[in-house]
Amino acid sequence: MPNPQPRISVITVTFNCAALVERTMQNVLRQTYPNLEYIVIDGGSTDGTAGIIARYADRLAYTVSEPDRGIYHAMNKGVQVATGDWVLFRNAGDFFFNDRVVADVFAHYADRGEDVIEGGTRCFVADAYRDKAAAVPTGNVWRDANLSHPSAFIRREALLGNPYPEDLKIAADYYFFQKMLLGGGRCAAYPGIVSLFECEQGVSNSSLSRAWQERLQILRRLGAPEEEIRLASWLNRFAPFARFSRKRKFRGWTKQAADITLKEV
């Protein structure tokens, strides 16, 4: 019989994020779910991040501050030390939607052996936000991997069997979801919002282009049909213009200052 209160491992990986990491940590530590462990993996920060983390050490299941080989290496390290049935990554600058999210997700979820539980995401910018519902499978295994990583509870066994490839720098989470689905993995959808995700800062033309290039690389690595590779190649050609189109999309969002959007975190 499934555990009615499975153990949840929340993992924060961070490097030189002193301005963001404490608020994220406080947000995680306020979760009301009783069977939750919190792990923080710091990449050897030099900006005061390590000192901030140390102030909360007695409330953490595990923490380390040491150089790593990048974000996905740090995530894999976190999974290795986690003891939960499920893992969710809550990185610096990302937040749970409210204090009851984890409790609400696992009160709603009926365990049928899925590998991922994905909830909705509130994407926000300085003066607006929009809500994105959990992805619903379409039946096209090559297009169902566009899940929201900050809002995905992933079964730890699935992560141990399919770690993030560390040669990828931006899209290794997409690789994980894609390979999982190709292997017959299944997803469950939670109808509420799980995460608040800031989606404007750090989005540069070069990183968007790199992300699409990595997706194209992943599709080829995993043996995608030629039509899917052609579609990804077409989208990659337009990546340099994506930053400008994002500004246009913000016009249809709900207008609200970010400090109001984040007032409960």
Side-chain angles (χ1 to χ4, degrees), residues 11 13 69-76 78-80 86-89 91 94 112-121 123 130 132-190 194-195 197 199 202-246 249:
I11 302 173
V13 303
R69 297 190 296 272
I71 186 170
Y72 293 112
H73 177 224
M75 288 181 175
N76 287 335
V79 173
Q80 289 292 330
W86 296 88
V87 171
L88 181 136
F89 291 97
N91 296 337
D94 299 342
R112 298 181 178 88
E114 292 90 351
D115 297 283
V116 173
I117 310 164
E118 194 203 9
T121 304
C123 304
R130 73 175 176 90
K132 176 185 176 184
V136 177
T138 65
N140 184 329
V141 70
W142 295 105
R143 300 183 190 180
D144 285 347
N146 293 309
L147 303 177
S148 177
H149 200 226
S151 297
F153 293 85
I154 305 172
R155 206 177 289 272
R156 181 171 173 263
E157 290 178 357
L159 284 165
L160 288 172
N162 183 20
Y164 296 107
E166 295 170 18
D167 64 306
L168 300 172
K169 305 304 178 185
I170 297 176
D173 49 318
Y174 174 81
Y175 175 93
F176 169 83
F177 291 132
Q178 185 66 81
K179 189 175 180 183
M180 178 201 72
L181 292 171
L182 288 170
R186 294 180 296 135
C187 302
Y190 170 68
V194 168
S195 297
F197 179 71
C199 59
V203 178
S204 67
N205 293 341
S206 60
S207 64
L208 284 168
S209 180
R210 174 74 178 273
W212 276 108
Q213 289 170 14
E214 287 198 358
R215 285 192 174 210
L216 187 59
Q217 177 184 347
I218 288 165
L219 291 174
R220 287 175 173 148
R221 186 183 298 187
L222 295 176
E226 186 58 35
E227 59 267 26
E228 298 297 335
I229 292 174
R230 283 198 300 269
L231 175 61
S233 298
W234 182 82
L235 291 169
N236 184 42
R237 287 200 299 272
F238 287 89
F241 305 101
R243 185 174 180 86
F244 302 103
S245 66
R246 289 170 73 88
K249 291 177 184 177

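For this chain, numbers begin at 1 and follow the sequence in order.
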Quick one: closest heavy-atom pair of [X] and [Y], and the distance?
X	Y	result
Ala135	Asn146	CB-O, 4.3 Å
Ala211	Ala171	O-CB, 4.3 Å
Tyr174	Leu219	OH-CD2, 3.7 Å
Val116	Phe176	CG2-CE2, 4.5 Å
Trp142	Pro225	NE1-CD, 3.1 Å
Ile11	Asn91	O-OD1, 3.8 Å

From [atom1] ([X]) to [atom2] ([Y]), nearest 0.5 Å:
X	Y	atom1	atom2	result
Ile218	Trp212	CD1	CH2	11.0 Å
Arg215	Leu231	CZ	CG	10.5 Å
Met180	Ile154	CE	CD1	8.0 Å
Gln80	Arg156	CD	CZ	7.0 Å
Ile170	Tyr72	CD1	OH	8.0 Å
Leu181	Gln178	CG	CD	6.5 Å

* To do: Would you list the pairs meeting side chain to side chain donor-acceptor pair (under 3.5 Å) in which at least one residue belongs to residues 162-172, sequence neighbours left out?
  => Arg69-Glu166, Asn76-Glu166, His149-Tyr164, Asp167-Arg221

* Go through the structure and list residues passing ring-ring contact (aromatic ring centres under 6.0 Å, His included) with Phe153, not counting sequence neighbours. => Phe106

* Asked: Could you go step by step and tell me if Phe89 and Asp94 meet the side chain to side chain contact (heavy atoms under 4.5 Å, CB included) rule?
  -> CA-CA 9 Å; Phe89 291 97; Asp94 299 342; over 6 Å; no

* Are any non-hydrogen side-chain atoms of Phe197 and Ser148 less than 4.5 angstrom apart? -> no

* Could you tell me whether the side chain of Glu118 and the main chain of Leu147 form a donor-acceptor pair under 3.5 Å? => no

* Check step by step if side chain to side chain contact (heavy atoms under 4.5 Å, CB included) holds for Leu159 and Met75. => CA-CA 10 Å; Leu159 284 165; Met75 288 181 175; over 6 Å; no

* To do: Start with the C-alpha distance between Ser151 and Thr121, add both sets of side-chain angles, then the distance that settles side chain to side chain contact (heavy atoms under 4.5 Å, CB included), and finish with yes or no.
  => CA-CA 6 Å; Ser151 297; Thr121 304; 2.6 Å; yes

* **Pair Arg155 + Glu114, salt bridge at N-O below 4.0 Å** => no

* **Working for side chain to side chain contact (heavy atoms under 4.5 Å, CB included), residues Asp144 and Phe177** => CA-CA 8 Å; Asp144 285 347; Phe177 291 132; over 6 Å; no

